[in-house]
Number of protein chains: 2
Amino acid sequence: MKATIYDIAREAGVSIATVSQVINGKGKISEERRNEIMEIMERLNYQPSVIAAALAGKKTYTLGLLVPDISNPFFAEIARAVEDRGHQLGYSLVICSTDNKDERVERYLTLLQQKSIDGMIIGTGMDNKEILNPLVEKQIPIAMIARELPEQAVHTVVVDDYIGGKLAGKHLLQLGHSRFAVLAEQAKVRSSRERVRGFREALAEAGQELPERRVLHCDFVVEDGKRRTLELLAQADRPTALFCCNDLLAIGALQAVKELGLRVPQDLSVIGFDNTILASVTDPPLTTVAQPMEEMGTMAVDLLIQELKKEQPQPKQRTVLRPELIIRQSTGVPGQQ
Amino acid sequence: MKATIYDIAREAGVSIATVSQVINGKGKISEERRNEIMEIMERLNYQPSVIAAALAGKKTYTLGLLVPDISNPFFAEIARAVEDRGHQLGYSLVICSTDNKDERVERYLTLLQQKSIDGMIIGTGMDNKEILNPLVEKQIPIAMIARELPEQAVHTVVVDDYIGGKLAGKHLLQLGHSRFAVLAEQAKVRSSRERVRGFREALAEAGQELPERRVLHCDFVVEDGKRRTLELLAQADRPTALFCCNDLLAIGALQAVKELGLRVPQDLSVIGFDNTILASVTDPPLTTVAQPMEEMGTMAVDLLIQELKKEQPQPKQRTVLRPELIIRQSTGVPGQQ
DNA sequence: TTGAAAGCGTTACCAT
DNA sequence: ATGGTAACGCTTTCAA
């Protein structure tokens, strides 16, 4: 069997309390005792049980990460950043892909609670804003990442979606476009709405309008981006510029244009959002609004850990990072050969 | 405070033993008692502590997944499949990105053990084949995925790398190529070695040779693929066909070709491995050898769960899935315009 | 500086 | 059909 604290204590001829002290570096233990005990732990290959420690009042040193889909490159990169920072600080990461379904969110939430994880990072949207209520009441540390939920008092790390949309709009305007369309995520996704709002505002400031029918809502998958773009391009007065609320949709758009034998950016300029690895490998490489995924992950973890270190609830922070326009080759002057 | 089994018992006027029974659906409890207790649990919003149950001898219902890098699309897709299958069966997933470093592997391994996870799925290579010894001895259920370790008795789910390499070689041969090169992963990665061996064998069967100097070893990142391809194309007698041991390297190759003002496939045919989402969005779309990632993930989980359900150690299975050549547009007849 | 003992929230065995 | 209780492995007072 695995060695327990009792085995160590017996071997060392001391009490388990003493062993516990040296494990946690607490109390006053004589140098020699301490060394002797450490040596025995080494020899018996003793590994303290996190489970038992947690039950006795310590933490589980485990964090939960809720995202729509871990196989989506954007969230995969976020996850990596979160994992790394957590690992540095001694925490493990449980991943939960929600597919943006409230039902899955709730299942994962109760599951994580039953497992007594120390805190959760939430990067998935929810239809029902009250889903988090129970957690907030129980004071379970929460940090939102890449999504926000203003109706809850939780730490938040987001990119300024509004500005991101604006950056996209201005870029397209500057290239001389005048017929725009948008591929948005589902209406319930606030960040998507903000991006569209920023985009529309940029156009408005230039006296241009974005008709509602030119804003198409998609599921978070390539195929849907393609399908909707095909619809868009079938319209008589088709747009010359398309703003997609994430890179995946933009890729779908690229595929649709190709399928119709048209060209990007000559026939349609396409701009994405996120700047995942995908944006750099498309044909043509995708102009996109970059989110600083690594910083976001790191900051969310830091916020969370800082919260659960203190006993007192901390004042909730909302950190807004600035997105950056990455110009590649999927945008250009309309109609140019 | 959170409700415990004692609260429920007190409220229902029964013993905790009885409550435990109804939670686990064991023993004989009268219909009425059972309903009454369930109703109270509902009302008090009782959530049994997995931690406590685990300490008392049950499982933690948590699995560990070790991969080189969760932000790598191949592993992200594997992770999603593993997560889904695990979740269906009631298990959570802790992800661990190892960067292919033994040191990180070991840290994660002890961490996961201390947390008493029920089993681990390992998709990362290791220099030291003995790293797993302690786990195997402790009978901790293990399933290898996409990597193998024949020196250990563990469940394994892999694609036939040798055949995959051969498929790639044959395809290139058939197109009429005669000067080949390979971008391999680090020499310690067995699957990569097997792919190269299969590739070489295909050439040999056609009386062609693959000189050792034409096999370049890379780190698992786009940049390295690019760098090495640049080197390759600088050689006098440069290859017309390049087999890359994963899609990421192939993308690097594509970038290198572009940077030199050359074209794919006219100047260089490129073939990848994995068939991640990346392969479908590159310019040109990448011909690649597909691994059935979803099936692999599902099978690995099933193997693991089946193992940890039984008390007795099970006979270890090795499942080899057949890779499939996906022909897109990055391969063609050499020199063709 | 060290030890005894009371929990932590369950499970499971043995009584009743 | 139900209850009492030891055990799981550890932390943490409180005494000594």
Side-chain angles (χ1 to χ4, degrees), chain A residues 1-38 40-41 44-62 110-118 138 311, chain B residues 1-38 40-41 44-62 90 110-111 113-118 138 311:
Chain A
M1 261 334 277
K2 276 188 62 172
T4 73
I5 201 172
Y6 284 96
D7 301 320
I8 308 299
R10 189 180 331 110
E11 192 77 6
V14 299
S15 78
I16 61 165
T18 306
V19 177
S20 178
Q21 312 255 67
V22 351
I23 293 174
N24 297 289
K26 289 191 177 174
K28 276 115 205 2
I29 309 291
S30 66
E31 191 65 9
E32 38 184 353
R33 271 235 178 303
R34 152 169 269 103
N35 287 142
E36 184 191 3
I37 291 176
M38 302 242 294
I40 294 180
M41 296 197 303
L44 267 47
N45 199 346
Y46 170 67
Q47 305 202 343
S49 159
V50 174
I51 296 284
L55 187 51
K58 305 262 281 195
K59 324 226 90 31
T60 53
Y61 293 97
T62 303
T110 60
L111 217 62
L112 293 176
Q113 283 183 78
Q114 292 182 189
K115 295 195 175 168
S116 309
I117 57 143
D118 300 331
K138 284 176 203 145
E311 284 312 297
Chain B
M1 260 334 280
K2 275 188 63 172
T4 73
I5 202 172
Y6 283 96
D7 300 321
I8 308 299
R10 189 180 329 110
E11 193 77 5
V14 300
S15 78
I16 62 165
T18 306
V19 178
S20 179
Q21 312 253 70
V22 351
I23 292 174
N24 297 287
K26 290 191 177 174
K28 278 113 203 8
I29 309 291
S30 66
E31 193 65 8
E32 40 184 352
R33 271 239 179 300
R34 152 169 270 103
N35 287 142
E36 185 192 2
I37 291 176
M38 303 241 295
I40 294 180
M41 297 197 302
L44 267 48
N45 200 344
Y46 169 67
Q47 306 203 342
S49 160
V50 173
I51 296 286
L55 222 210
K58 305 262 281 194
K59 325 228 83 50
T60 53
Y61 293 95
T62 303
T110 60
L111 217 63
Q113 283 183 78
Q114 293 181 189
K115 295 195 176 168
S116 309
I117 57 142
D118 300 331
K138 283 177 203 143
E311 284 314 295

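All heavy atoms count here, side chains included; hydrogens, waters and symmetry mates do not. So you know, we letter chains A, B, ... as the sequences are listed, proteins then strands, and number each from 1.
For the pair B:Q47/A:T110, a side-chain contact is recorded, criterion being any heavy-atom separation below 4.5 Å from C-beta on. Side-chain contact check for B:I23 versus B:V19: some heavy-atom pair is nearer than 4.5 Å.
B:L55 has its CG atom 17 Å from the P atom of D:dA6, to the nearest Å. Between the P atom of D:dT2 and the CD atom of B:E36 lies a distance of 10 Å, rounded to the nearest Å. Put simply, CD on B:Q114 is 11 Å from P on D:dT11, counting in whole angstrom units. Atom-to-atom, CD1 of B:I23 to C1' of C:dT10 comes out at 8 Å; the value is rounded to the nearest Å. The OH-C1' distance, from B:Y6 to D:dG3, rounds to 12 Å in whole Å. Between A:I37 atom CD1 and D:dC10 atom P the separation is 14 Å, expressed in whole Å. When rounded to the nearest whole Å, the span between CD1 of A:I16 and C1' of D:dG9 equals 8 Å. With rounding to whole Å, A:I5 atom CD1 is found 11 Å from D:dT12 atom P.
Across all strands shown, B:I51 has no heavy atoms under 4.0 Å from either base or sugar-phosphate atoms. Among the heavy atoms of the strands lying under 4.0 Å from B:K58 are primed sugar atoms or P, OP1, OP2 only; no base atom is included. Looking at heavy-atom distances under 4.0 Å, B:A53 makes contact with sugar-phosphate atoms alone, never a base. Counting any heavy atom pair closer than 4.0 Å across all strands shown, A:S20 reaches a base atom. Residue-level contact check: B:V14 touches the backbone only, with heavy atoms under 4.0 Å from sugar-phosphate atoms and none from bases.
Taking for each of B:G57 and B:S15 the nucleotide of DNA chain D with the nearest heavy atom, the 5'-most of the two is the partner of B:S15. Two residues, A:Q21 and A:K2, neighbour DNA chain D, and the one matched to the more 5' nucleotide by heavy-atom proximity is A:K2.
Checking C:dT2, C:dT10, D:dC10 against the side-chain heavy atoms of B:Y46 singles out C:dT10 as nearest. For B:A17, the listed nucleotide lying nearest its side chain is D:dT5; candidates were D:dC10, D:dA1, D:dT5.
Using a 4.0 Å cut-off between a side-chain N of Lys or Arg and a carboxylate O of Asp or Glu, A:R33 and A:E36 qualify as a salt bridge.
No side-chain N or O of B:K2 forms a donor-acceptor pair with one of A:Q113 less than 3.5 Å apart.
Put simply, A:T18 has a side-chain N or O that comes within less than 4.0 Å of OP1 or OP2 on C:dG3. Under 4.0 angstrom from either OP1 or OP2 of C:dT2 there lies at least one side-chain N or O belonging to A:R33. Dashed line: the shortest gap from a side-chain N or O of A:K26 to OP1 or OP2 of D:dT12 is under 4.0 Å. Look at B:T4 and you won't find any side-chain N or O under 4.0 angstrom from OP1 or OP2 of C:dC8.
Here the OH atom belonging to A:Y46 is positioned 4.5 Å from the CD1 atom belonging to A:I5, to the nearest 0.5 angstrom.
Panel note: side chain A:D7, backbone A:T4; a donor-acceptor pair is recorded below 3.5 Å.
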